[in-house]
Amino acid sequence: MKNIVLTSVLAFMAVSGAHAANIIDGNPLYRPGEGHFYSNFAVESHSEAIEDWGISEEFGYGITNDLAIFMKTGVSEAEGFDYMSWNDFTVGLNYRVLDAANWKADVYGVYSLNPVWGDHVPFLDEDVTNYTWTLGARAGYVGDGWTLAGHVDFDYANSESFNWGDDGVHSLSVGVDGQYLIDEQWNLIAGVEYTGMLDDQFEDAGKWTGKIGANYNLDETKYIGAYFMGEMEHSTGDWEWVDGFGFGVNFGIDF
């Protein structure tokens, strides 16, 4: 009888520990456990015009503890709903190549369409639809009450899905994201990313984006967050702040 009770307790602790290792709370190194779905839903304004809003959804599934599949999509409106568009549809795979006690590392591949549909534009119109392939990696350290992670993304965009003979557009994004736990309910997040165009015709055009916010854990499977964003860009070598700041709220759930 004692053995049965001890076995049951250990099994419960193992399951609880496995779930605790995948708490969704805005952590930049979060990933779903095997057999778990997750959803991250966001509503945010653009930094140049707070009356222009967009909504986005990321939905994923943990095939194993190391391999996850996900999709993203988003729609936006401008000038009091005079203009609306379905901006993108994205699918991707994420694989954890390193899962040590504190160090984590992922590699991922992503394919997206943008835009899929817009204001009076036919579905998948060949004149406006862009296709983007992304290869990326993210790695970081999970400390006692804090997490720091960096990522590198390489994008190849083209007007045709598999037209490898076309030069297309190439860009590189490098960023750092962090999280600090205040207590069991509250945590702070911040991140910065630089995206640079790699093709000569863009004259080294690039953009810095920054984000800072706070998340509240409803429980270990759900959280809600709020944040604001800013942008700084250059197209001819002169840096300029984009007027205003963007604001957003998001809701995440693991199930």
Side-chain angles (χ1 to χ4, degrees), residues 7-42 57-72 90-112 133-155 172-193 211 213-225 250-255:
T7 301
S8 299
V9 171
L10 291 175
F12 174 79
M13 292 176 64
V15 173
S16 300
H19 181 71
N22 293 280
I23 293 177
I24 185 168
D25 62 356
N27 191 311
L29 293 173
Y30 162 80
R31 65 183 301 105
E34 181 177 353
H36 278 243
F37 292 93
Y38 76 91
S39 168
N40 265 313
F41 177 80
E57 164 66 18
E58 178 180 344
F59 184 80
Y61 176 73
I63 300 173
T64 70
N65 286 333
D66 295 323
L67 180 64
I69 188 171
F70 60 90
M71 58 156 285
K72 299 179 183 178
T90 298
V91 294
L93 282 173
N94 181 304
Y95 183 71
R96 176 141 292 179
V97 295
L98 175 64
D99 194 5
N102 298 100
W103 292 98
K104 316 289 182 182
D106 301 331
V107 294
Y108 45 88
V110 182
Y111 172 73
S112 64
W133 296 89
T134 301
L135 291 176
R138 176 180 289 104
Y141 185 88
V142 181
D144 185 12
W146 59 275
T147 298
L148 188 65
H151 66 270
V152 178
D153 293 350
F154 174 77
D155 293 335
L172 185 70
S173 298
V174 180
V176 177
D177 296 283
Q179 180 191 51
Y180 176 74
L181 304 182
I182 299 175
D183 54 34
E184 292 183 356
Q185 274 74 46
W186 289 96
N187 68 79
L188 303 177
I189 57 101
V192 62
E193 181 183 67
K211 177 179 177 180
N215 298 320
Y216 178 77
N217 298 332
L218 301 173
D219 57 39
E220 66 177 19
T221 64
K222 294 181 286 293
Y223 82 97
I224 186 168
N250 65 303
F251 173 74
I253 182 171
D254 178 301
F255 58 99

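Any value given below was found using the heavy atoms of this structure, including those in side chains, with hydrogens, waters and symmetry copies removed.
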Spatial distance of atom CZ (Arg96) from atom CG (Leu29) [nearest 0.5 Å]: 5.5 Å
Report the relative orientation of the aromatic rings in Phe37 and Phe255; use parallel for angles under 30°, tilted for 30 to 60°, perpendicular for over 60°. parallel
Of all heavy-atom pairs linking Ser173 and Glu193, the shortest is CB-OE2, 3.8 Å
State, to 0.1 Å, how close Asn187 and Leu181 come at their nearest heavy-atom pair, and which atoms those are. CB-CD2, 3.6 Å
To the nearest 0.5 Å, atom CG of Asp219 lies from atom CD of Gln185 at 10.0 Å
Expected output: side-chain Asn217 to main-chain Glu220 donor-acceptor under 3.5 Å: no
Between Asp254 and Thr221, is any side-chain donor less than 3.5 angstrom from a side-chain acceptor? no
Looking at CD of Glu34 and OH of Tyr61, how far apart are the two atoms once the value is rounded to the nearest 0.5 Å? 7.0 Å
Got a second to check how far Phe251's CZ is from Glu57's CD, nearest 0.5 Å? 10.5 Å
Non-hydrogen atoms of Arg138 and Pro28 that approach each other most closely: CD-O, 3.4 Å
So, taking the atom named CG in Asn250 and the one named CD1 in Ile224, what distance separates them when rounded to the nearest 0.5 Å? 8.0 Å
Contact between Leu148 and Tyr141 at the side-chain level, heavy atoms closer than 4.5 Å - yes or no? no
Shortest non-hydrogen contact between Pro32 and Gly62, atoms and distance: CG-N, 3.7 Å
Interatomic distance, CG@Leu93 vs OH@Tyr108, rounded to 0.5 Å, equals 13.5 Å
I'd like to check Ile253 versus Phe41 (side-chain heavy atoms, cut-off strictly below 4.5 Å). Are they in contact? no
For residues Asp25 and Gln179, determine if any side-chain heavy atom of one lies less than 4.5 Å from a side-chain heavy atom of the other. yes
Would you say Ile189 and Asp177 make side-chain contact, with heavy atoms under 4.5 Å? no
Tightest non-hydrogen contact, residues Asp66 and Arg31, listed as O-NH2, 2.5 Å
Taking everything shown except Tyr180 itself, do over 12 heavy atoms lie less than 6.0 Å from its OH? no
Which pair of heavy atoms, one from Ile24 and one from Tyr38, lies closest together, and at what distance? CD1-CB, 4.3 Å
Is any side-chain heavy atom of Tyr223 less than 4.5 Å from a side-chain heavy atom of Asn27? no
